[in-house]
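Notes follow the structure.
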2 protein chains.
Amino acid sequence: MAEMSIDDVAARAGVHRSTVSRAFSRPEAVNPTTRQRILEVAESLGYQVSPLAQALRRKTSNLVPLIVPDITNPFYGELAKTMATAAAEKGYQLVLCVTGGEVAQTNAYLTALQGMYAPFGIVAPSTSVDLDELRSVALGSRVVVVDRVDKAQVPTVTVDSAEGIALAVDHLRGLGHRRIAYVSGISGTYTSRDRLAAYEGLAAKLEIPAMILDAGAGSEAGERAAELFVNTAYEERPTAVIAANDMVAFALISSLGARGVSIPDEVSVMGFDGLELGSRSNPRLTTVRQPIADMGAIAIDLAEQLLNDGEAQHVVLAPDLLIRASTAEVPR
Amino acid sequence: MAEMSIDDVAARAGVHRSTVSRAFSRPEAVNPTTRQRILEVAESLGYQVSPLAQALRRKTSNLVPLIVPDITNPFYGELAKTMATAAAEKGYQLVLCVTGGEVAQTNAYLTALQGMYAPFGIVAPSTSVDLDELRSVALGSRVVVVDRVDKAQVPTVTVDSAEGIALAVDHLRGLGHRRIAYVSGISGTYTSRDRLAAYEGLAAKLEIPAMILDAGAGSEAGERAAELFVNTAYEERPTAVIAANDMVAFALISSLGARGVSIPDEVSVMGFDGLELGSRSNPRLTTVRQPIADMGAIAIDLAEQLLNDGEAQHVVLAPDLLIRASTAEVPR
DNA sequence: TTGAAAGCGATACCAG
DNA sequence: CTGGTATCGCTTTCAA
């Protein structure tokens with residue numbers, strides 16, 4: 001099945017290429033009979049329009065870059081999945097770009113895809129990406145940002161951190177907890193910063209002590225927090241801890257477990273994200289769920305709106321609670 | 001910064017487009033002085049060759065599709081990550097395609113990327129993909145398969161299941177275990193089939209009873225196996241179980257935990273994959289590690305060899321053991 | 001070493 | 001409604 005071009009179809013159908021072109025891109029502008037014939041010929045020849053040639057001529061393609069720092073993190077995996085679906089429904093092809101958190105990579109991908117006439121891009125920024133710098137690179141002004149606080153002139157979709165933290169704290173207080181600590185993830189991440197601020201604000205408001213077990217990135221955060229926990233006198237230990245995100249919660253539980261601390265008997269642990277994985281952890285993770293699927297679809301919508309109206313909207317979604325097995329009544 | 005074309009550079013540098021083209025693609029074929037000037041002009045103009053136009057003309061691009069059933073699964077996430085790196089090092093752009101395990105999707109992606117002149121593709125096939133059918137679609141004959149048994153005429157890179165299972169069983173027997181069960185994952189998956197066969201073969205050889213807690217896909221497998229476990233009389237229960245892959249192991253541990261079974265005190269559990277995540281689980285997962293990073297790099301190499309020599313090589317890699325905390329001496 | 005010209009596969013505007 | 005023509009941005013003989 002050699003590659004068929006538009007001219008092959010045209011010849012076989014006895015019409016001009018431009019007619020074939022129309023038969024595909026503006027069907028109503030061509031005589032039904034002719035169109036029918038063209039379509040049949042195309043079908044029988046196994047013809048497909050060349051997206052490359054099409055993009056070159058139209059100066060716009062259906063390639064949409066999704067830029068994430070680390071696809072190994074299930075959060076981005078879930079995001080990518082829903083995004084791919086949402087994109088496909090609108091005829092876009094998602095191109096996943098993994099940056100390792102490096103700004104240079106982000107920019108490189110953006111310019112590369114600009115060169116491929118990507119109509120817009122979605123970025124789930126890591127710590128270091130500066131939104132304003134983003135705008136300076138090609139395609140940078142046609143980007144929507146996911147999971148990151150707004151402020152900038154770029155459309156964003158995020159989840160309400162304050163609401164999420166409030167949900168978590170309420171749940172915990174309902175179980176009798178009063179000493180509720182917080183473990184931050186990568187401290188430079190905007191969402192974790194945001195969530196941390198929400199926690200501090202709420203603690204102040206409720207007049208409960210803010211206990212922050214801050215730490216480095218990834219599993220280290222959990223490790224260090226666990227260390228701190230066991231080195232704290234019994235009566236001063238928090239009875240519950242909220243992790244900045246599910247992955248940190250997993251790491252924390254793991255480290256706590258390795259030190260013989262049992263969850264939720266000795267301490268309750270909550271996450272934030274609502275990863276599918278939380279239903280397969282030990283114990284199953286109680287967490288604040290972000291509506292990841294909605295985020296994906298909305299991001300695509302926002303992008304299209306940006307193209308049409310030039311409007312940079314900010315959508316902030318409401319999280320909800322996923323109560324599973326990592327939280328329990330405060331031990332007495 | 002409007003888009004600059006090759007002609008803009010040519011005009012500004014006072015040469016013909018063809019010379020500019022050469023300056024980039026065959027630098028040695030152009031006068032050093034001229035080249036220097038062209039490069040400077042290009043630089044100052046912010047010119048970049050259009051990959052689209054280039055691909056259209058050359059009939060080959062640098063886009064490489066990686067086709068996975070489910071990017072939510074960290075195994076594919078890790079694969080994608082190493083693959084992206086390996087690809088980038090050779091100047092390719094990885095395009096991640098998520099199929100949800102559907103053959104139609106796989107074929108659709110393959111043809112779409114064929115249309116973009118992808119030089120080859122990498123597929124991590126789900127259950128249902130038929131390698132021979134694969135070859136019939138466009139690009140299908142320039143595909144390398146990862147994590148799937150060979151047989152077919154397609155290059156493959158896999159890990160030695162028998163060796164992996166042997167590693168696991170040895171480890172467990174060394175800890176005194178004799179009743180070692182096996183939990184299969186999605187039973188249609190080739191690797192899990194392969195691993196299951198390896199387990200059965202080894203059990204027969206060692207004359208230990210083969211206890212197969214087979215079950216459905218994903219978390220159900222763990223759930224059902226756990227159910228079966230607790231419904232078995234104490235003295236007949238396996239003292240250790242090997243899961244077809246890490247995700248099944250996590251699910252199993254989770255379900256066992258939910259039923260009050262403690263690991264590794266009451267039963268040892270091993271995984272197979274060596275996911276990073278296993279170091280953050282509770283307890284940390286003892287597992288057979290696949291050299292995922294190598295698999296990525298090798299897959300790209302195999303693809304390039306396939307293009308050059310037309311040779312479809314099969315590489316099978318050796319797994320190793322990652323001893324963490326989910327296995328312990330048999331309780332007595 | 002460089003320039004000229006043809007063409008990759010499509011689209012879009014202009015006539016008819 | 002259909003055909004002709006120019007063009008998107010680049011590569012690649014072929015001559016000079």
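Residue numbers begin at 1 in each chain, while the letters A, B, ... track the order of the sequences.
- The side chain of A:Val49 lies closest to C:dA10, out of C:dA10, C:dT2, D:dT2.
- Which of D:dT2, C:dA10, C:dA5 sits closest to the side chain of A:Val30 comes down to D:dT2.
- OP1 or OP2 of C:dT2 has not a single side-chain nitrogen or oxygen of B:His16 nearer than 4.0 Å.
- A sub-4.0 Å separation between OP1 or OP2 of C:dT11 and a side-chain N or O of A:Gln54 is present.
- Residue B:Phe24 is classed as having no contact, given no heavy-atom separation below 4.0 Å to the nucleic acid.
- C:dG9 atom P lies 12 Å from atom CD of B:Gln114, rounded to whole Å.
- If you check every strand for non-hydrogen atoms under 4.0 Å, B:Ser21 touches a base.
- Of the candidate nucleotides C:dA10, C:dG9, C:dA4, C:dG9 has the atom nearest to the side chain of B:Lys59.
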Under the criterion side chain to side chain donor-acceptor pair (under 3.5 Å), I'd like the reasoning laid out for B:Asn62 against B:Gln93: C-alpha separation, chi angles, the key distance, then a yes or no.
CA-CA 6 Å; B:Asn62 71 336; B:Gln93 270 264 6; over 6 Å; no
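- With distances taken from any side-chain atom of A:Arg58 to the nucleotides D:dC8, C:dA12, C:dG9, the minimum falls on C:dA12.
- Among the nucleotides D:dG3, D:dC8, C:dG3, the one closest to the side chain of A:Arg22 is D:dG3.
- For A:Arg57, whose side chain is taken as the heavy atoms from C-beta onward, the closest listed nucleotide among D:dT12, D:dC1, D:dA6 is D:dA6.
- As judged by a 4.0 angstrom heavy-atom cut-off over every strand, A:Ser50 is placed among residues touching the sugar-phosphate backbone only.
- Listed nucleotides: D:dA6, C:dC13, C:dC8. Nearest to the side chain of B:Leu56: C:dC8.
- Distances shorter than 4.0 Å separate none of the side-chain N or O atoms of A:Ser18 from OP1 or OP2 on C:dA10.
- Between A:Asn73 atom CG and A:Asp273 atom CG the span is 7.5 Å, to the nearest 0.5 Å.
- For the pair B:Cys97/B:Leu113, a side-chain contact is recorded, criterion being any heavy-atom separation below 4.5 Å from C-beta on.
- Across all strands shown, B:Thr19 has heavy atoms under 4.0 Å from sugar-phosphate atoms exclusively, and none from any base.
- For A:Glu3 and B:Lys59, the salt-bridge test fails: no basic side-chain N is under 4.0 Å from an acidic carboxylate O.
- With distances taken from any side-chain atom of A:Arg17 to the nucleotides C:dT11, C:dG3, C:dC8, the minimum falls on C:dT11.
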